[in-house]
Amino acid sequence: MAGDTPDRDLVFRSTAGDRFAFAELVRRHERRVYNLAYRMLGREEDARDATQDAFMIALRKLSSFRGDAAFSTWMHRVTVNACYDILRKRKREPGELPEEVEEGPSHPDHAETTALSVDVGRALLRVPFEFRAPLVLHDVQDLPYDEIAEILGVPVGTVKSRIHRGRVALAAALGERFGHPRTSEERTNR
Amino acid sequence: MTHPEELLAEYVDGSLEQDERAAVEAHLAGCEQCRDEVGAARRVRGALAALPEVDLPEGFRADRRARRVRPASGGRHERLRRTLVGVGAAAASIAAIVGVAVLIGNGGGGSSSPSATSGGGVHSAASTAYDKARVDQLANSLAATSTKDTFGSENTAGAQTRTPTSSRVGLEPDAPVPPRPSVTCIPGAGSLPKSAHPLQTISRATFNGTPASIGAYRVGHSIRVVVASRSDCSVLYTTSRPLR
């Protein structure tokens with residue numbers, strides 16, 4: 001399978017039953033999908049489930065994917081929805097910190113960055129789901145606003161304001177680390 | 001005071017045009033809350049960008065669940081499969097039903113004409129050639145994979161016949177059959193009891209080379225498959241299997 005076969009062609013061949021084409025699509029996108037799920041859900045176990053669900057759903061729905069959007073955009077949407085389903089299944093309010101969130105390495109002699117990443121990763125889970133998705137897609141995965149709008153099915157302006165609200169919520173959740181004695185006043189969700 | 005939240009995200013990103021940036025800075029000059037937020041947002045933005053990409057877990061197969069799926073090629077396979085799952089068929093049945101789907105018509109875009117969708121199941125132009133052995137195999141598969149509960153009233157696979165008269169083929173043998181160019185008779189019509197529940201119909205097939213239609217039905221606790229000639233509706237072959 002040529003590495004430069006466009007996604008669109010692989011999609012077409014997958015819908016025709018070519019399992020090697022689908023395997024190649026998986027190979028190309030699995031890392032991003034897994035990382036998105038991991039940052040959204042915070043636990044390896046959940047990220048594994050969401051990733052496997054996402055690709056299963058993608059294969060099932062592939063014939064309805066028209067190809068006017070990029071496959072990766074569509075795949076991101078499938079992943080975000082799979083993450084949301086996992087959260088709902090575990091009956092947690094999106095935004096509530098899961099008790100079993102993984103304890104990462106936080107030894108004092110670890111690099112500041114590592115300890116901070118663990119804190120940021122865990123604090124992300126306190127950010128309400130509808131802010132967390134655009135936040136991860138933009139600030140972690142570097143996707144542009146209009147693509148995020150397409151992924152989430154909301155207007156671009158909504159994406160931007162949710163990103164701002166998400167950053168503020170994340171900062172509040174990290175409160176002490178940034179030496180911010182007072183937390184921001186809670187605003188109503190938009 | 002309204003706060004320009006949309007613009008604040010871009011302001012922190014540094015992607016605003018000059019006039020919009022000036023407008024935001026004018027607002028910030030008079031709004032401590034937004035100043036605080038922008039400061040906080042800047043700090044977390046850096047932290048988020050520094051989050052490492054995580055590796056896939058050791059031995060993780062992202063396509064492990066996808067492997068059990070046949071790619072949807074128009075919905076018929078999926079409808080049949082989902083229906084059976086939905087009414088509680090055992091997981092093993094799914095593989096067998098998929099096997100049946102392969103048997104009846106290979107996946108990958110059945111090319112049956114619209115008027116031929118008079119029954120549930122899977123159509124394919126590629127493999128509609130039947131003989132006694134293959135019909136027997138079909139009967140065996142259906143008997144093995146269905147239980148008495150599988151094809152209940154919710155079964156859409158069985159109820160997909162579009163005859164306006166009734167969803168039970170053979171119930172009213174003298175009811176007018178709407179003319180369909182590619183189907184001249186309903187297999188088994190008139191020879192099946194009222195309780196016959198249609199499972200699948202293959203409207204355009206051949207049986208030992210003769211143009212035929214094939215219908216599979218649940219009759220009581222048995223599966224019956226009827227092969228009828230498309231030219232004169234005579235029954236070419238019929239077989240039945242008891243349900244487990």
Side-chain angles (χ1 to χ4, degrees), chain A residues 14-17 19 22-23 26-27 29-31 33-35 38-39 44 47-48 51-64 113-114 116-117 119-121 124 135-136 138-140 142 145 156-165 167-168 170-172 174 178 180 184-185 190, chain B residues 2-13 15-16 24 32-78 81-82 102 106-109 124:
Chain A
S14 299
T15 56
R19 299 203 78 99
F22 189 74
V26 171
R27 242 190 314 274
H29 296 277
E30 61 182 348
R31 203 176 160 82
V33 167
Y34 181 79
N35 270 269
Y38 185 75
R39 291 304 172 197
E44 179 185 308
R48 293 167 78 121
T51 301
Q52 289 175 335
D53 285 351
F55 281 113
M56 175 184 70
I57 291 162
L59 182 56
R60 261 207 250 129
K61 288 178 150 183
L62 209 52
S63 61
S64 69
T113 325
T114 309
L116 178 59
S117 324
D119 287 348
V120 170
L124 249 183
L135 196 56
V136 171
H138 186 269
D139 285 358
V140 181
D142 287 323
Y145 294 126
V156 173
T158 305
V159 172
K160 293 174 185 175
S161 65
R162 285 183 184 174
I163 286 173
H164 179 70
R165 294 257 54 79
R167 289 168 176 165
V168 170
L170 181 60
L174 284 166
F178 289 124
H180 223 48
S184 306
E185 191 176 348
R190 278 188 69 177
Chain B
T2 57
H3 307 278
E5 285 184 344
E6 294 180 22
L7 293 178
L8 289 176
E10 288 183 280
Y11 180 75
V12 168
D13 287 344
S15 59
L16 282 179
V24 169
E32 185 188 7
Q33 185 164 20
C34 282
R35 281 201 302 276
D36 286 348
E37 288 191 352
V38 165
R42 280 205 170 108
R43 288 188 286 272
V44 298
R45 182 163 181 9
L48 284 168
L51 274 178
E53 203 189 25
V54 297
D55 290 324
L56 295 171
E58 191 73 37
F60 175 66
R61 298 293 313 266
D63 62 349
R64 187 173 68 81
R65 291 174 197 176
R67 284 161 73 80
R68 296 202 229 116
V69 173
R70 285 190 79 83
S73 56
R76 291 197 189 91
H77 301 258
E78 189 55 33
R81 188 187 75 82
R82 277 225 215 102
V102 171
N106 293 349
S124 163

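Residue numbers begin at 1 in each chain, while the letters A, B, ... track the order of the sequences.
- Ion pair B:Glu37/A:Arg165 flagged as a salt bridge, since at least one NZ, NE, NH1 or NH2 atom sits closer than 4.0 Å to an Asp/Glu carboxylate oxygen.
- Interface remark: of the candidates A:Val26, A:Asn35, A:Val136, A:Asn35 forms the most heavy-atom pairs closer than 4.5 Å to chain B.
- Considering only heavy-atom pairs separated by less than 4.5 Å from chain A, the leading option among B:Val38, B:Asp55, B:Asp63 is B:Asp55.
- Both the backbone and the side chain of A:Val140 come within contact range of chain B, each with at least one heavy atom under 4.5 Å from a heavy atom of that chain.
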Could you give the side-chain donor-acceptor pairs of residues 44-52 of chain B under 3.5 Å, partners two or more places apart or in another chain?
{"unit_1": "B:Arg45", "atom_1": "NE", "unit_2": "B:Asp13", "atom_2": "OD1", "d": "2.7"}
{"unit_1": "B:Arg45", "atom_1": "NH2", "unit_2": "B:Asp13", "atom_2": "OD1", "d": "3.4"}

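- The minimum heavy-atom distance between A:Tyr34 and A:Arg48, with the atom names listed, is CE1-N, 3.9 Å.
- In terms of the salt bridge (Lys or Arg N to Asp or Glu O under 4.0 Å) criterion, B:Arg35 has no residue partners (sequence neighbours excluded).
- Neither the backbone nor the side chain of A:His29 comes within less than 4.5 Å of any heavy atom in chain B.
- Looking at heavy atoms from C-beta onward, B:Arg65 lies out of side-chain contact with A:Phe55 at the 4.5 angstrom threshold.
- No part of A:Asp142 comes within reach of chain B, as not one of its non-hydrogen atoms sits under 4.5 angstrom from that chain.
- Of the listed residues A:Asp139, A:Val156, A:Leu135, A:Val159, the one with more heavy-atom pairs under 4.5 angstrom with chain B than any other is A:Asp139.
- In this structure, chain B has a heavy atom under 4.5 Å from the side chain of A:Leu124, while its backbone stays farther away.
- The CZ atom of A:Arg31 sits 6.0 Å away from atom CG of B:Leu56, with the distance rounded to the nearest 0.5 Å.
- Heavy-atom pairs under 4.5 Å with chain A peak, among B:Ala41, B:Gly39, B:Ser15, at B:Ala41.
- For the set A:Val33, A:Ile163, A:Asp53, the entry with the most heavy-atom pairs within less than 4.5 Å of chain B is A:Asp53.
- The CG atom of A:Leu59 sits 6.0 Å away from atom CZ of A:Arg19, with the distance rounded to the nearest 0.5 Å.
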